[in-house]
Amino acid sequence: MSEHQGALAASEEARRRLEVILGELRRDKFGSKSEKLRPDQYHLPLEDVEIAQGILDAAQERAEKVIQGRSRSDPDQGSHRNRGCLPAHLPRVERVIEPASTLCPCGCGAMTKIGEDVSKRLDVIPAQWRVLVTRRPKYICRRCSGPVVQAHAPEHVVPSGLPTEAAIAHVIVSKFGDHTPFYRQAEIYARQGIRLDRATLGNWSGRACFHLQPIADHMRRHLAMADRLFMDETTAPVLDPGRGQTKKGYFWAIASDDRGHSGPSPPIVLFRYAPGRSGAFAQQFLDGFGGNFLQCDAYDGYDRLTEVDRPQGPWTLVHCWSHLRRRFVKLPRGSVKIPRVWSLETPPPDDRRQRR
């Protein structure tokens with residue numbers, strides 16, 4: 001009886017926790033302006049809701065098993081949750097769990113296999129650091145005074161340094177792809193006993209960027225030969241040490257993708273950073289490009305590109321159809337107000353009041 005009461009109490013506590021989190025989220029969404037969250041912070045309480053929902057599900061499942069008298073090892077026959085689709089390219093590691101004995105309890109001998117239950121679950125091997133030991137043996141002839149033969153040492157991004165190229169690539173992807181700062185990476189690596197400060201990680205990344213610069217230059221040369229380009233900009237918070245906070249910077253994306261009409265060129269996107277959004281930066285980044293058409297939004301900063309002096313003439317702006325389509329999508333919802341056009345015979349309301 002005590003086990004039943006404990007399971008029900010755990011389920012009730014998980015339900016109350018979920019209600020509290022939902023109440024806080026409701027206040028942040030519909031409460032007074034000073035209590036509301038910014039749009040980019042909504043995912044934080046939503047994650048708490050999902051965690052609380054998982055706790056509630058587990059508590060209810062345990063309570064049902066205890067009340068119904070089922071063993072925890074028995075499969076949940078009533079569960080039909082969506083387990084997703086496991087990608088086919090993932091390697092399969094099979095394990096077979098045999099009964100303790102396959103001999104018939106009546107003494108008839110070995111039993112015959114008539115079938116099996118198969119379950120597929122997603123597994124992971126955590127990132128495992130290792131030490132790569134490279135040996136370069138030396139050889140010499142004992143019959144003559146010939147030279148010593150030894151293989152040349154391979155080139156490394158960090159000469160005589162600790163990291164391999166794979167380790168540096170992992171640091172760069174974590175920094176720029178997963179947005180994990182160096183100091184957080186240092187804390188993650190320290191859990192495995194690897195002491196690396198953020199200055200060291202930054203130095204490794206800087207050396208890698210130096211060696212990757214030819215790839216960026218090669219991409220820029222391909223973009224410079226494209227006839228059609230796409231350009232857009234987005235904000236990026238940048239540290240401002242003097243003020244102790246962040247300031248607004250901009251990433252400018254220059255892209256070319258001809259796959260829509262079976263073009264031969266590969267898709268390329270090149271990112272450039274600028275401290276502002278002025279059209280002068282767009283003109284600077286496109287200096288030396290030979291394209292004719294530039295697809296962009298209606299930001300007036302791009303208008304100056306239609307007046308640049310180039311051998312092939314100024315750019316022709318091709319405004320994005322997606323931005324225009326959004327207006328038609330919002331129009332039936334009433335979220336876009338179309339201004340009324342007054343004819344000469346029917347003056348606007350303000351003019352009528354003045355005439356009166």
Side-chain angles (χ1 to χ4, degrees), residues 1-23 25 42-133 164-167 169-171 173-174 177-180 184-185 187-194 259:
M1 185 64 181
S2 60
E3 188 176 1
H4 291 186
Q5 293 178 350
L8 291 176
S11 177
E12 182 64 20
E13 178 63 25
R15 185 188 63 80
R16 284 198 298 265
R17 172 178 171 80
L18 180 59
E19 290 181 350
V20 170
I21 295 176
L22 289 175
L25 180 60
Y42 284 141
H43 67 282
L44 298 177
L46 289 178
E47 292 178 357
D48 293 337
V49 171
E50 294 164 353
I51 294 175
Q53 182 63 50
I55 296 175
L56 177 60
D57 292 341
Q60 290 179 344
E61 291 173 0
R62 179 180 179 184
E64 292 175 358
K65 291 180 180 180
V66 172
I67 294 174
Q68 296 177 6
R70 289 187 297 172
S71 174
R72 296 182 184 178
S73 61
D74 294 340
D76 189 359
Q77 301 295 335
S79 179
H80 299 285
R81 61 176 60 91
N82 180 18
R83 298 185 181 274
C85 180
L86 299 179
H89 69 274
L90 295 181
R92 264 58 176 174
V93 179
E94 295 189 2
R95 63 173 182 175
V96 180
I97 304 178
E98 295 282 359
S101 175
T102 58
L103 297 178
C104 180
C106 301
C108 302
M111 293 185 289
T112 303
K113 179 179 177 181
I114 60 173
E116 62 182 3
D117 293 333
V118 180
S119 63
K120 297 181 180 180
R121 305 169 63 194
L122 186 63
D123 192 21
V124 62
I125 300 176
Q128 181 180 9
W129 293 86
R130 62 184 183 180
V131 178
L132 181 62
V133 180
T164 63
E165 285 64 37
H170 176 77
V171 172
V173 172
S174 299
D178 300 333
H179 308 287
T180 306
R184 292 183 181 175
Q185 293 191 48
E187 295 173 353
I188 295 173
Y189 305 149
R191 291 201 295 264
Q192 300 191 32
I194 304 174
R259 291 177 296 178

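Starting from 1, each residue takes its place in the sequence as its number. Excluded from the calculations below are hydrogen atoms, water molecules and symmetry mates; all remaining heavy atoms, backbone and side chain alike, are included. Just so you know, these numbers come straight off a predicted model, no measurement behind them.
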Could you give the distance from SG (C106) to CE (M111), rounded to the nearest 0.5 Å?
10.0 Å
So, taking the atom named CG in L86 and the one named CG in D123, what distance separates them when rounded to the nearest 0.5 Å?
11.0 Å
Side chains of Q185 and D178: closer than 4.5 Å at any heavy-atom pair?
no
Heavy-atom donor-acceptor pair, Q192 side chain to A127 backbone, under 3.5 Å
yes
In this structure, are over 12 heavy atoms from other groups packed under 6.0 Å from R92 atom CZ?
yes
Using the six-membered ring wherever Trp is involved, compare the ring planes of W129 and H170 and label them parallel, tilted or perpendicular (cut-offs 30° and 60°).
perpendicular
